[in-house]
Trainee: 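Structure provided below as structure tokens; questions to follow.
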Amino acid sequence: MPIHQSFNALAGENTYYLESQTSVILVDPGSDLQQILMQLQRINKPLIAIFLTHTHYDHIFSLEEIRNRYQNPPVYVSPLEADWLQEPIKNLSGLERHQDLPTIICQPAEVTFETDKELVLQDFSFRVLATPGHSIGGISLVWDEEEAVLTGDCLFKETIGRWDLPTGNQEQLLNSIRQQLFPLPDHYLVFPGHGPSTSIGHEKNHNPFF
């Protein structure tokens, strides 16, 4: 399963495209709508779902435009952050310091993730890990066949996500990484919500937080 990536200038957020033989899943549609549309057109397969690792504004910026252009593929989100899609203060776009940004209000998600079990969606098979700490409903997506994990804003290359935003908690974030991500095999590739890819083993050995 190829995993494609595009970079969004707003907050340096990464959008991912998981491609199977027959379809594609979009993860965290950020601010660069045209680039996302170009990548989906290049892949040229049905968009069957949109996954959200969490619902801060930089990860949902283009969500409604993508939904409208692709006949409303189901959106998957943590049940702990499902209401954030409709709440600009909770998704942070409505904060006073973000007056330069549009206020983001999205339609409700169709599906809430179930964690710690294998899930199958058409020809995709994956696991969802609860990895709170950056935000209360942060999740990571494990693709065992591809030996990869998408970590959202939990784990980055040689650093970790912020914990100073509402519902963030440093101890919870560190525990999420130790208990949920570090048990994965060292060679598993890590695709974070910001910055370059890395591996589980590299972070165990070189991340200064551990």
Side-chain angles (χ1 to χ4, degrees), residues 1-20 23-32 35-36 38-40 42-43 45 47-56 58-63 66 75-78 81 113 115-116 118-119 121 123-135 137-162 173 176-207 209-210:
M1 179 190 75
I3 299 176
H4 310 284
Q5 175 185 344
S6 64
F7 175 80
N8 301 276
L10 181 66
E13 189 264 342
N14 296 323
T15 293
Y16 293 100
Y17 313 77
L18 311 175
E19 180 186 358
S20 74
S23 56
V24 61
I25 292 173
L26 181 67
V27 182
D28 291 349
S31 62
D32 195 334
Q35 183 175 215
I36 295 171
M38 287 177 60
Q39 182 72 283
L40 289 171
R42 186 191 66 79
I43 296 171
K45 292 177 180 177
L47 176 60
I48 62 167
I50 301 172
F51 290 174
L52 304 176
T53 62
H54 63 296
T55 56
H56 285 156
D58 51 324
H59 293 253
I60 63 172
F61 203 94
S62 297
L63 175 59
I66 298 297
V75 173
Y76 290 63
V77 70
S78 164
E81 294 186 14
F113 282 122
T115 58
D116 302 317
E118 184 175 6
L119 302 174
L121 180 60
D123 50 351
F124 292 96
S125 177
F126 60 98
R127 292 184 289 133
V128 181
L129 304 180
T131 50
H134 172 70
S135 65
I139 59 97
S140 295
L141 297 160
V142 181
W143 306 83
D144 289 302
E145 185 173 345
E146 289 71 30
E147 300 177 335
V149 55
L150 279 66
T151 57
D153 285 7
C154 180
L155 178 65
F156 304 138
K157 185 174 183 180
E158 298 180 11
T159 189
I160 63 175
R162 294 178 61 173
L173 181 60
S176 290
I177 297 169
R178 290 192 185 101
Q179 297 171 11
Q180 296 281 55
L181 299 178
F182 281 178
L184 295 171
D186 284 356
H187 67 277
Y188 271 35
L189 293 177
V190 172
F191 295 94
H194 301 265
S197 60
T198 180
S199 70
I200 293 295
H202 182 89
E203 297 315 305
K204 285 181 180 178
N205 294 320
H206 300 288
N207 194 306
F209 285 91
F210 304 97

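For the numbers below, each heavy atom of this structure counts, side chains included, while hydrogens, waters and symmetry mates do not. Only a predicted model underlies this, so the values are computations on that prediction, with no experimental measurement involved.
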Trainee: Taking Ser62 for its side chain and Pro29 for its backbone only, find out whether a donor-acceptor pair lies under 3.5 Å.
Mentor: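 Not at all, since once roles are kept as given, no pair shorter than 3.5 Å links the two residues.
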Trainee: Quick check against the 3.5 Å criterion: does Asn14 have a side-chain atom that pairs as donor or acceptor with the backbone of Pro192?
Mentor: yes
Trainee: Would you compute the distance between atom OH of Tyr76 and atom CD1 of Ile50 and round it to the nearest 0.5 angstrom?
Mentor: 11.0 Å
Trainee: Considering all heavy atoms of both residues, which atom of Ile139 and which atom of Ala130 are nearest to each other, and what is their separation?
Mentor: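 So the two residues come closest at CG2-CA, 4.5 Å.
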Trainee: Any side-chain to backbone donor/acceptor pair from Thr151 onto Cys154? Under 3.5 Å, distance only.
Mentor: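 Here the side-chain-to-backbone pair does not exist.
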Trainee: Specify the closest pair of heavy atoms between Pro132 and Ser176, including all atoms of both residues, with the distance to one decimal.
Mentor: O-OG, 2.6 Å
Trainee: Given the rule in the side-chain contact (heavy atoms from CB on, under 4.5 Å) test, do Leu47 and Ile66 qualify, once you have shown the distances and angles that lead to the verdict?
Mentor: CA-CA 10 Å; Leu47 176 60; Ile66 298 297; 3.7 Å; yes
Trainee: So, taking the atom named OG in Ser199 and the one named NE2 in His187, what distance separates them when rounded to the nearest 0.5 Å?
Mentor: 10.0 Å
Trainee: Write down the atom of Phe191, the atom of Leu189, and the distance for their closest heavy-atom approach.
Mentor: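 Shortest heavy-atom contact: CE1-CB, 3.8 Å.
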Trainee: To the nearest 0.5 Å, what is the distance between OG (Ser31) and CD1 (Ile36)?
Mentor: 7.5 Å
Trainee: Do you know which of Phe209, Tyr188, Phe210 makes ring pair (Phe, Tyr, Trp, His ring centres under 6.0 Å) with Phe182?
Mentor: Phe210
Trainee: Can you confirm whether Glu158 sits close enough to His202 that some side-chain heavy atom of one is under 4.5 Å from a side-chain heavy atom of the other?
Mentor: yes
Trainee: Okay, side chain of His194, backbone of Ala11: is any donor-acceptor separation there less than 3.5 Å?
Mentor: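 Confirmed, His194 side chain pairs with Ala11 backbone.
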Trainee: Heavy atoms only: give me the nearest Ile200-Pro185 pair and the separation to one decimal.
Mentor: CB-O, 3.5 Å
Trainee: Roughly how far, to the nearest 0.5 Å, is the CD atom of Gln35 from the OG atom of Ser6?
Mentor: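 Nearest 0.5 Å value for the OG-CD distance: 4.5 Å.
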Trainee: Begin with the C-alpha distance, continue with both residues' side-chain angles, and end with the deciding distance and a verdict on side-chain contact (heavy atoms from CB on, under 4.5 Å) for Phe124 and Ile48.
Mentor: CA-CA 10 Å; Phe124 292 96; Ile48 62 167; 3.7 Å; yes
Trainee: Using the rule side chain to side chain donor-acceptor pair (under 3.5 Å), only one of His56, His54, Glu81 pairs with Ser135; which is it?
Mentor: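 Output: one option passes, namely Glu81.
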Trainee: Can you name the closest pair of heavy atoms from Asp116 and Gln180 and give their distance?
Mentor: OD1-NE2, 3.7 Å
Trainee: Rounded to the nearest 0.5 Å, how far does NZ of Lys157 lie from CG of Asn207?
Mentor: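 Those atoms lie 11.5 Å apart.
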Trainee: I want to check something: taking the side chain as every heavy atom from C-beta on, are Leu18 and Met1 in contact at a cut-off of under 4.5 Å?
Mentor: yes
Trainee: Testing the basics here: between Ile3 and Ala148, what is the closest heavy-atom pair and its distance to 0.1 Å?
Mentor: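 The pair with the smallest heavy-atom distance is CD1-CB, 4.0 Å.
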Trainee: Parallel, tilted or perpendicular, judged at 30° and 60°: which one describes the rings of Phe126 and Phe51?
Mentor: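 Taking Phe51 first and then Phe126, their aromatic rings sit tilted (interplane angle of 30° to 60°).
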Trainee: May I have the step-by-step check of side-chain contact (heavy atoms from CB on, under 4.5 Å) for Trp143 and Leu150, ending in yes or no?
Mentor: CA-CA 8 Å; Trp143 306 83; Leu150 279 66; 4.0 Å; yes
Trainee: Once rounded to the nearest 0.5 Å, what's the spacing between atom CD1 of Ile25 and atom OH of Tyr17?
Mentor: 14.0 Å
Trainee: Check whether any side-chain N or O of Thr198 sits under 3.5 Å from a backbone N or O of Val190 as a donor-acceptor pair, and report yes or no.
Mentor: no
Trainee: Does a side-chain heavy-atom distance below 4.5 Å link Asn8 with Asp58?
Mentor: no
Trainee: Given the rule in the side-chain contact (heavy atoms from CB on, under 4.5 Å) test, do Val142 and Leu129 qualify, once you have shown the distances and angles that lead to the verdict?
Mentor: CA-CA 7 Å; Val142 181; Leu129 304 180; 3.6 Å; yes
Trainee: So, Lys45 side chain and Ser20 main chain: donor-acceptor pair closer than 3.5 Å or not?
Mentor: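 A pair under 3.5 Å: yes.
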Trainee: Closer than 3.5 angstrom, by distance alone: can the side chain of Asp28 be matched with the main-chain N or O of Thr53 as a donor-acceptor pair?
Mentor: yes
